[in-house]
Student: 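Structure provided below as structure tokens; questions to follow.
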Amino acid sequence: MPVAADAIRPRETGWRLSRTNRDALTGAALIAPTVLFFMLLLAYPLFQAFWISLHDINTLSLRGDYVGLANYVRLLESEQFWNALYVSSVWTVSSVVLQLALGVGIALALHGPLVGRSVARGMVLFPYLLTTAVAVLIWRWLLNDLYGIINYVLQEYELVDRPVAWLGRMPNALMTVVLIGTWKLFPFVVIAVLARLQTIPLHLYEAARIDGANALERFWDITLPQLKGVLALVLVLRTIWDFKEFDLIYLMTGGGPRRGTETLPLLVYQQSFPELQAGRGAAVAVVMLLIMLVFFAVYFRMQAADEERDRR
Amino acid sequence: MKRAAMTQREAIMDQHLTPSRTVRRRTLLAAAASAPVLATPFVVRAQTRVIQFWGTQRAPEQREAYDAIFAAFAQAHPGFTVNTDLITEETMLPRLSAGFAARTGPDLISHMPAPFVVQLNDQDLVEPMDDVVRAVGESDFNAPAMELFRDQQRGRYMAICVVNGTTPGTLWVRKDLLGDAGLQPPRTWDEMLNVARRTTRRGVFGTIYSSGKNSMGDTQFLQTVWQAGGTIVNPDLSVSFNSPQVIAALEYAKEMSSFSPPEAPNYQFLDVLNGFVLGRAATAPYTGRVLINVSRENPSIADKITCVPSPYRREGRPAFNSDFTALVIPKGGQQLEGAKLLAAWMMRRDSQIRFLHATPGHNLPDLKSVGQSEEYASHPLLQKYRAELQVMLSNTAQARNLLKETPQHPLNRKAGPIFGARVLSETVQDVVVGGISPRQAAARGADKIAAIMRG
């Protein structure tokens, strides 16, 4: 007995959704938890920070009045903000450049034939693994003007008449912080570059040797182009991380002497806590976020370009 | 075939699942049986009222003293225990802000600087301490501290002074180094500069004048301004920071810095203390903490040290700064009753002496009954340095605070924000590090203070 086509076709009623809509709804339901978590963990705090920045609010009581964009106007007019932005830029650029130079150099050394290479590779990670507070304690001890070994040696060999104020004078303080920051953070570059170096095909070097290329030419024409991708990624990541670095600088100098090492994160802290001006602190934080969004945009662009390249 | 397969599967289930079911059942039974035992600590904890205590005095001896005092308290007050959290003065406000926001703040805080207390009180974030004042005895406290902590508008005490002392007000001196140079301990700025100049040599600095952007640098310069005869604000609370006296204070600070360790613009309390104790400075300001540190770390100079009141400008006046460190009960704590009981317990004579003897001379008593007691003075170090103790007690008795610079001043509610913005130490750094003229630096500082006073 023939069966009517209508009998096996799903009965369409007014409330029944089409398959496409059902799929879309299922998809929405599946990503709903992620969206919810995103809203709770990211969007809400960001909105809250922005909302606080529109208020003249006491950090202790979290009470205050709505002042609109007054905190931003005040910020852009303040010498302290522009100084902090300048110091942040100097710190970030100097630190990242030195980390890249040192990191690539040491990665190349550790990639080549070296006695005790495994031990050296482990040792080079040591500064990165140290807690910042411990690293700062060690360096403050070494640099101390009364009992630090560095000043002792300099005086003992009569290289200086009196102890050097590594952290109490400018530009010494900023230079010292940049150097210690480099020492603490360069192992990240080593890890990333070393990993990439190990994947460069050896036959490229053999061919170059046959063609008579010397070591510098091999580095310039083979190694560096091969490292380009990873170096760009490291550059962007380290720039983002260093731009918001707080603990190392705060513990080393507290932003001084004067405001010589006061970066934007330290300004956020200074305004929010010792000065108890949560609104002003939040305004600095929001401006920082906007600056970092530029770096993030570069990062995502690079990611997208990488993915595109991989697809091809 | 299918039946056989089912049977086989059931057999496997019998073999593997049944025992595990039994195990699970046993586990559940065991867990149920042990639940009361496991829950006991929680039940006990729920019945025990834990008082969250914060303090800033973190030396091991002080920690031991706190433990002993709190153990005695818990014994005398069954059901209460004290959880101690020792923090730094610099992190007190950030942590407190987080505590208020999350409603996980402490029940009682000790050693809060007086300007912080007023900031909290202005935001209505402290509980009145009148019960505790009555329990201790109002007349037993020294008057200046009570004056600072009396909220005239609300008619109540916002805090009580737990101990007192002056860090920049007492100048420690190496008698041997001064004696070698034919010098006497200085009384005035001229004498002080002469001492600093003549005792500075390779390996030894004439003095340590801290201009660090921290409490040490701020209070040091505040006191210097007073010693020059100036003030930060006038009695009508208008700004007086660009006065000739403040300029004189900046010139003095600049000269003193030239005889100080080069890192002094980055020095904190402990750097100053260590510099003197290690024998690297002929003179340095500090509390009586010097005594125990010298006796333990550098006993070779124990008989070569003494202290004098911090020198002042001839045209100025003797002046001493103190933090008037307070016991405070922040609002929102879970154990208000316990906090009050504990505060009163900490002010008992035996508790006070136990704590003060932990680092003799570092903190000084604010309670008259303790300061005058033989029991307090009986500590061997305080016996040995009896003359020095009298100098410290006398300096502290005359000490004032930015909250109320002279008896004529009303309470300056902006003292906390002025310290918070580090205007005072930054002004010194403008001169010492930045090379700005004292006149220009004073003018800049005055503008910053005026902005704070307006805000």
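Letters go in sequence order (proteins before strands), and every chain restarts at 1. Note: hydrogens, waters and symmetry copies are ignored here, and every other heavy atom, side chains too, is used. Here the structure is a predicted model, which is why all the values come from computation and not from measurement.
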Student: If I measure from the heavy atoms of chain B, does A/Tyr147 come under 4.5 Å with its side chain, its backbone, both, or neither?
Tutor: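 Both parts, backbone and side chain.
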Student: Examine distances only and state if a side-chain atom of B/Arg280 and a backbone atom of A/Asp145 form a donor-acceptor pair shorter than 3.5 Å.
Tutor: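 A pair under 3.5 Å: no.
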Student: Among A/Arg259, A/Arg63, A/Met170, who wins on heavy-atom pairs under 4.5 Å with chain B?
Tutor: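 Looking at each of A/Arg259, A/Arg63, A/Met170 in turn, A/Arg259 comes out on top.
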Student: Should the heavy atoms of other residues, nucleotides or ligands under 6.0 Å from CZ of B/Arg95 be counted, would the total exceed 12?
Tutor: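 Yes, enclosed.
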Student: Where on B/Ile418 is there a heavy atom nearer than 4.5 Å to chain A: the side chain, the backbone, both, or neither?
Tutor: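 Interface part for B/Ile418: neither.
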Student: Under the side-chain contact (heavy atoms from CB on, under 4.5 Å) criterion, do B/Asp271 and A/Arg140 qualify, and how do the steps go?
Tutor: CA-CA 11 Å; B/Asp271 299 308; A/Arg140 283 186 67 109; 4.1 Å; yes
Student: List the steps, then state whether side-chain contact (heavy atoms from CB on, under 4.5 Å) holds for A/Leu167 with B/Glu263.
Tutor: CA-CA 7 Å; A/Leu167 298 168; B/Glu263 289 282 18; 3.7 Å; yes
Student: With chain A, which of B/Leu93, B/Leu96, B/Asp430 has the greatest number of heavy-atom pairs at distances under 4.5 Å?
Tutor: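 Looking at each option in turn, the highest pair count goes to B/Asp430.
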Student: Just how far is it from atom CZ of B/Arg202 to atom CD of A/Gln155, taken to the nearest 0.5 Å?
Tutor: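 B/Arg202 atom CZ to A/Gln155 atom CD measures 5.0 Å (nearest 0.5 Å).
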Student: Does atom CZ (A/Arg169) have a neighbourhood of more than 12 heavy atoms from anything else shown, all under 6.0 Å?
Tutor: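 Enclosed: over 12 neighbouring heavy atoms sit under 6.0 Å from CZ of A/Arg169.
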Student: If I measure from the heavy atoms of chain A, does B/Leu125 come under 4.5 Å with its side chain, its backbone, both, or neither?
Tutor: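 Side chain only.
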Student: Could you pull out the closest heavy-atom pair between A/Gly168 and B/Asn266, with the gap in Å?
Tutor: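 Result for this residue pair: CA-CB, 4.2 Å.
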Student: Please report the C-alpha distance between B/Phe116 and A/Leu60 in whole Å, then the side-chain angles of each, then the deciding distance to 0.1 Å, and finally whether the side-chain contact (heavy atoms from CB on, under 4.5 Å) criterion is met.
Tutor: CA-CA 11 Å; B/Phe116 288 6; A/Leu60 287 170; over 6 Å; no
Student: Can you see which heavy atom on B/Pro262 is nearest to which on A/Ala165, and at what distance?
Tutor: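 So the two residues come closest at O-CB, 3.4 Å.
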Student: Relative to chain A, which segment of B/Asn214 carries a heavy atom at a distance below 4.5 Å: side chain, backbone, both, or neither?
Tutor: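 Interface part for B/Asn214: neither.
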Student: Working note: A/Arg258 + B/Val432, criterion side-chain contact (heavy atoms from CB on, under 4.5 Å); need CA distance, chi angles, decisive distance, verdict.
Tutor: CA-CA 10 Å; A/Arg258 299 178 80 202; B/Val432 173; over 6 Å; no
Student: Using a cut-off of under 4.5 Å for heavy-atom pairs, which of A/Asn172, A/Asp161, A/Thr59, A/Leu146 has the most such pairs with chain B?
Tutor: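 Most heavy-atom pairs under 4.5 Å with chain B: A/Leu146.
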Student: Is the number of heavy atoms from other residues, nucleotides or ligands under 6.0 Å of A/Tyr44 OH greater than 12?
Tutor: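 Counting other residues, nucleotides and ligands, OH of A/Tyr44 stays at 12 neighbours or fewer.
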Student: Say you draw a straight line from OG1 of B/Thr200 to CZ of A/Arg162; how long is it, rounded to the nearest 0.5 Å?
Tutor: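 The CZ atom of A/Arg162 is 8.0 Å from OG1 of B/Thr200, to the nearest 0.5 Å.
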Student: Looking only at atom types and distance, does a side-chain atom of A/Gln270 sit under 3.5 Å from a main-chain N or O of B/Gly420, one as donor and one as acceptor?
Tutor: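 Checking the backbone N and O of B/Gly420 against the side chain of A/Gln270, a donor-acceptor pair under 3.5 Å is found.
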Student: Between B/Phe205 and chain A, which part of the residue has a heavy atom less than 4.5 Å away: side chain, backbone, both or neither?
Tutor: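 Looking at B/Phe205, just its side chain touches chain A.
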Student: Indicate the atoms forming the closest heavy-atom contact of A/Tyr269 with B/Pro94, along with that distance.
Tutor: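 For A/Tyr269 versus B/Pro94, the nearest heavy atoms are OH-CG, 3.3 Å.
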Student: Is the number of heavy atoms from other residues, nucleotides or ligands within 6.0 Å of OH (A/Tyr152) greater than 12?
Tutor: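 Not more than 12 within 6.0 Å, no.
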Student: Give, as side chain, backbone, both or neither, the part of B/Pro417 having an atom under 4.5 angstrom from any heavy atom of chain A.
Tutor: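 For B/Pro417, no heavy atom lies under 4.5 Å from chain A.
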Student: Between A/Gln271 and chain B, which part of the residue has a heavy atom less than 4.5 Å away: side chain, backbone, both or neither?
Tutor: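 Neither part, no heavy atoms under 4.5 Å.
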Student: Could you tell me whether a side-chain N or O of B/Lys213 sits under 3.5 Å from a main-chain N or O of A/Pro257, the two making a donor and an acceptor?
Tutor: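 No, the answer is negative, given that no donor and acceptor are paired below the 3.5 Å cut-off.
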